[in-house]
Protein chains: 2
Amino acid sequence: MTPRPTLEQVAAHAGVGRGTVSRVVNGSPQVSEQTRRAVEAAIAELGYVPNLAARALVTRRTGTVALVVAEGEERLFEEPFFARAVRGISSAVQASGRQLVLALSEGRPLERYLTPQHVDGVLLLSVRADDPLPRQLQGTGLPVVLGGRPDGVDVPHVDVDNAGGARAAVAHLLATGRRRIATVTGPPDMGAGRDRLAGYRDALAGAEALEVTGDFTEGSGYRGVRELLDRRPDLDAVFAAGDSMAVGALRALREAGRSVPGDVAVVGFDDSPLAAVTDPPLTTVRQPVEELGRAMAELLAALLAGEEPASRVLPTELVVRASS
Amino acid sequence: MTPRPTLEQVAAHAGVGRGTVSRVVNGSPQVSEQTRRAVEAAIAELGYVPNLAARALVTRRTGTVALVVAEGEERLFEEPFFARAVRGISSAVQASGRQLVLALSEGRPLERYLTPQHVDGVLLLSVRADDPLPRQLQGTGLPVVLGGRPDGVDVPHVDVDNAGGARAAVAHLLATGRRRIATVTGPPDMGAGRDRLAGYRDALAGAEALEVTGDFTEGSGYRGVRELLDRRPDLDAVFAAGDSMAVGALRALREAGRSVPGDVAVVGFDDSPLAAVTDPPLTTVRQPVEELGRAMAELLAALLAGEEPASRVLPTELVVRASS
DNA sequence: TCCCGCCGTGGGAGCGCTCCCGGCGAGCCT
DNA sequence: AGGCTCGCCGGGAGCGCTCCCACGGCGGGA
C-alpha cells in the first residue's frame, strides 16, 4: 500500500545516478561489478518494481502480446482445445517476459486496440480459412502469428499436421483390412477440414473414396453416416474428421444395427476427452495443442527479436482404441 | 504505419488547446457543444487513439484487470469450463472498457506483477478452498473477486449453487423412488466438493447416507462405486459430484452387471459435453459458467467504481436424461 | 455603470522511465 | 610528460497524457 519507490529513489538510496540504476535494471554491461551490487541491494531493500507504463511510454514497446480469437469460433469453447492452447501460449509468453492480453472479438472493433501503440504483437487463433483478420492485421505492420493455416496470405503460422494425421488414420484402417472406407469431412472453409480430407484421399491411394460433408458437430456426423449407409450399405470403416462427429457416427451405426468395430471401424480426430468414454472407446488422432500454443508464442518472440523464423507444422499421432 | 497522432496534434488541427481535447476525449461536460464537435471531427480525421501508457502513467490506473488461475487447477484445462468462464469474463471486461490480461500462475511469482501499478483489479479462479492467494491479494489492497467460494476470508466472490444443485439431484432421485442413494464426493478441500456433499446430506433428510470420497477424476468415480457396491450391494442410486466421476461410476456399474437406470440410477454434476454421449446419457446438474464469468467481471467493475457490491451465488439446474 | 462570479478555455507542470551526450578519471602510447 | 582512448557514470530532455490553475469574456445584481 505504501507508494512504490521510483528509479530516482533507488538511485538516491544506492548513492548513484538515475541512469546507472536504469542500466542495472536493464542488464547493461556498462556497469562495474561493485556498483551493480550496490544498486541491486537498494532495489531489493526498497522492493523496487519498474513502472511498465513509464517504460512503455518512452520505449514505444508495451511488452504485451494479444491473443485474438476470431469471431465465430464457437467450436473453441466447447472443447478443451482453447484452454490447452492458452496454457501453452501463456507459458511461453511469460517465459519471454511479456504479458498476455486476451481479446475475444465478439463483434467488437479490434482495430482500434490492435495497434503497435497497445501491443507488440498478435497471436491469432482462427481455423476459418477465409478469415480476413490475418490480412488486416498484417496491414497494420504488427507482427502476427496465426494458429492454424493461412489461406492465400503468407502469414507466419503454426499448424498441426492435419493431413498427416488423416493419412495415418486411413492407413491404419487399410492395414487392418478395411476396404470400403468412408469419411465425414469438416467444413470446406476450414483449413483443418480441407487438410484432413486431403490426407484421407491421399492415403486411399486409388481405393474408392466415399465422402460426405460435415461441420464438426455431433449431428452432422450422425446425418453423414446415415447418408453414407444409404449410398453404400456395405461400408466397413468411417473416418470422421472430428471426435464429435465420430460420436454422431457411432450413434448412427448403432441405430442401423452395425457393430463397431465388428461391422464398421470408426476413427475420429482430436483425441478429445469424449474419445475415451464412448462405447467403444474411440481410435482417434491426437494433436499437440499445448505445444501449438507454445510454438505460436515462440514464433512471435522470434519475430519480435527481429528474426525471420519459419512457420511450423506440428506432428499428430494416431491413438488406437477399441473402435477400430 | 504512419506515426499515431498525439493529443497535441489533434488540438492544433482543431484549433484548440491540449486540455480541451483531453476533456472531449474523457467526456467532460465542461466543453461547449461547438468546440466538442470541432474536436471530434479532428479526432476522426486524424484517426486519433489515446496512448494508454501515457494515460496510465499520470492517472495511476492501468485500465486492465488480471485473470489469475491458481496453481494446480489442472481440472480447468480438461473441460470446457475454463473456456466458457473466460468467454463470460472477457465479454464483461470489454464492456467495461478495460482489457483482460491472463496470468496462469504455474509456479511463477505473481506478486511482483499483481500490484496496483500494473493492474486495477484481479479476477481469481480457484476452487481450492485452502488457496492462500485470495488472502495474499487482499493484502496488496488490490480489488479482488473470486470465482468459487472463499474459505474463511471474506472476499467478494461469485459462486454457483453447488449445494442447491446437489439437493435437486438427490430430491429427483428420491422422487423417482430411489431409497438407497450413495454419493461419490469431490475432494474435501474444494468448496465445490464440500458444498455438493452438504447438499446431498441435506436432501437425504434422514435417509441413510452412503458416502465415499473421490477427487473428480474418472478413476476415482470408478473405484468409489466399486467400494460402494461392496459396502452396500443393494444401492439403487449414485450421485457423483462430477460428470467424469459419473462416467467412472457407469463403468463400474456395468462391470458389476448392474443396469442403468434399471438397477441403479446415476446423476452427475457439471453437464459437461461428456454427459450427452455416455451410455445411457447422464442426468446431471448444469452450472451457468459463462454467467459466472460475467458476474465476476461485473462485480469487479462495481468494486472499481467504489461501490460495495454483494457476492453472488448463481442458480444451478438439473438436466434429466436417461441415466435416472 | 461597476463588480463579481462562472463558464469555457489554454497551457505549465509533472507522472517514471530511457536515451544519449558529455565529463571524469585511469591507463596506454608516443 | 602530454595527449588519447576507453570504461563508467550523472543527469537533461522528452515520451503523451491528465490535472489544475489562471485568464478572458459575458451576464446579472447592486
Side-chain angles (χ1 to χ4, degrees), chain A residues 2-40 42-43 46-64 97 99 112-113 115-120, chain B residues 2-40 42-43 46-64 97 99 112-113 115-120:
Chain A
T2 64
R4 289 272 165 189
T6 70
L7 247 206
E8 196 87 47
Q9 294 169 35
V10 174
H13 198 266
V16 300
R18 209 174 357 80
T20 301
V21 178
S22 177
R23 275 183 283 267
V24 170
V25 169
N26 294 291
S28 155
Q30 297 286 66
V31 180
S32 73
E33 197 44 41
Q34 193 185 356
T35 312
R36 156 167 286 114
R37 262 196 288 273
V39 172
E40 277 164 355
I43 288 176
L46 297 176
Y48 171 74
V49 179
N51 182 316
L52 265 25
R55 179 181 290 171
L57 183 56
V58 32
T59 59
R60 284 138 190 299
R61 315 174 98 262
T62 60
T64 67
Q99 39 172 322
R112 271 179 64 88
Y113 176 71
T115 71
Q117 192 175 114
H118 297 123
V119 296
D120 294 342
Chain B
T2 64
R4 291 271 164 190
T6 70
L7 247 205
E8 196 89 46
Q9 294 170 36
V10 174
H13 198 265
V16 300
R18 208 172 359 81
T20 302
V21 178
S22 176
R23 275 184 282 267
V24 171
V25 170
N26 294 290
S28 155
Q30 297 284 66
V31 180
S32 74
E33 197 44 41
Q34 193 185 354
T35 312
R36 157 168 286 114
R37 262 196 288 272
V39 171
E40 276 164 356
I43 288 176
L46 297 178
Y48 170 74
V49 178
N51 181 315
L52 266 25
R55 178 180 290 171
L57 184 56
V58 33
T59 59
R60 286 140 189 297
R61 316 174 95 261
T62 59
T64 67
Q99 37 172 323
R112 271 180 64 88
Y113 176 71
T115 71
Q117 192 174 115
H118 297 123
V119 297
D120 294 344

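Quick note on labels: first sequence line is chain A, next is B, and so on, each numbered from 1.
- When the side-chain nitrogen and oxygen atoms of A/Thr20 are compared with OP1 and OP2 of D/dG10, one or more of them lie within a distance under 4.0 Å.
- If one axis is set at each end of the helix from C/dT1-D/dA30 to C/dT30-D/dA1 from five pairs, those axes are 50° apart, to 10°.
- Going from atom CZ of A/Arg4 over to atom CZ of B/Arg60 covers 12.5 Å, rounded to the nearest 0.5 Å.
- The phosphate of D/dG7 (OP1 or OP2) has no side-chain N or O of A/Gln30 nearer than 4.0 angstrom.
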Which parts of nucleotides 12-22 of chain C does protein reach within less than 4.0 Å, heavy atoms only, written one letter per nucleotide 5' to 3' as B for base, S for sugar-phosphate only and - for none? BB-BBBB-B--

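- Atom CD of B/Gln9 sits about 7.5 Å away from atom CG of B/Leu46, to the nearest 0.5 Å.
- B/Arg55 pairs with exactly one of B/Thr62, B/Val25, B/Leu7 by the side-chain contact (heavy atoms from CB on, under 4.5 Å) rule, that one being B/Val25.
- Put simply, CZ on A/Arg36 is 15 Å from P on D/dG7, counting in whole angstrom units.
- Listed here is the closest heavy atom pair of A/Arg23 and A/Val31: CB-CG2, 3.6 Å.
- Note: CZ (B/Arg37) to C1' (C/dG8) measures 16 Å, nearest angstrom.
- In this structure, B/Leu52 CG and B/Arg61 CZ are separated by 12.5 Å, a value rounded to the nearest 0.5 Å.
- Every side-chain hydrogen bond (donor to acceptor under 3.5 Å, both in side chains) that A/Ser32 has, sequence neighbours left out, goes to A/Thr35.
- Taken from OH in B/Tyr48 to CD in B/Glu40, the straight-line distance is 13.5 Å, to the nearest 0.5 Å.
- Contact between A/Asp120 and A/Gly63 at its shortest, heavy atoms only, is OD2-N, 2.7 Å.
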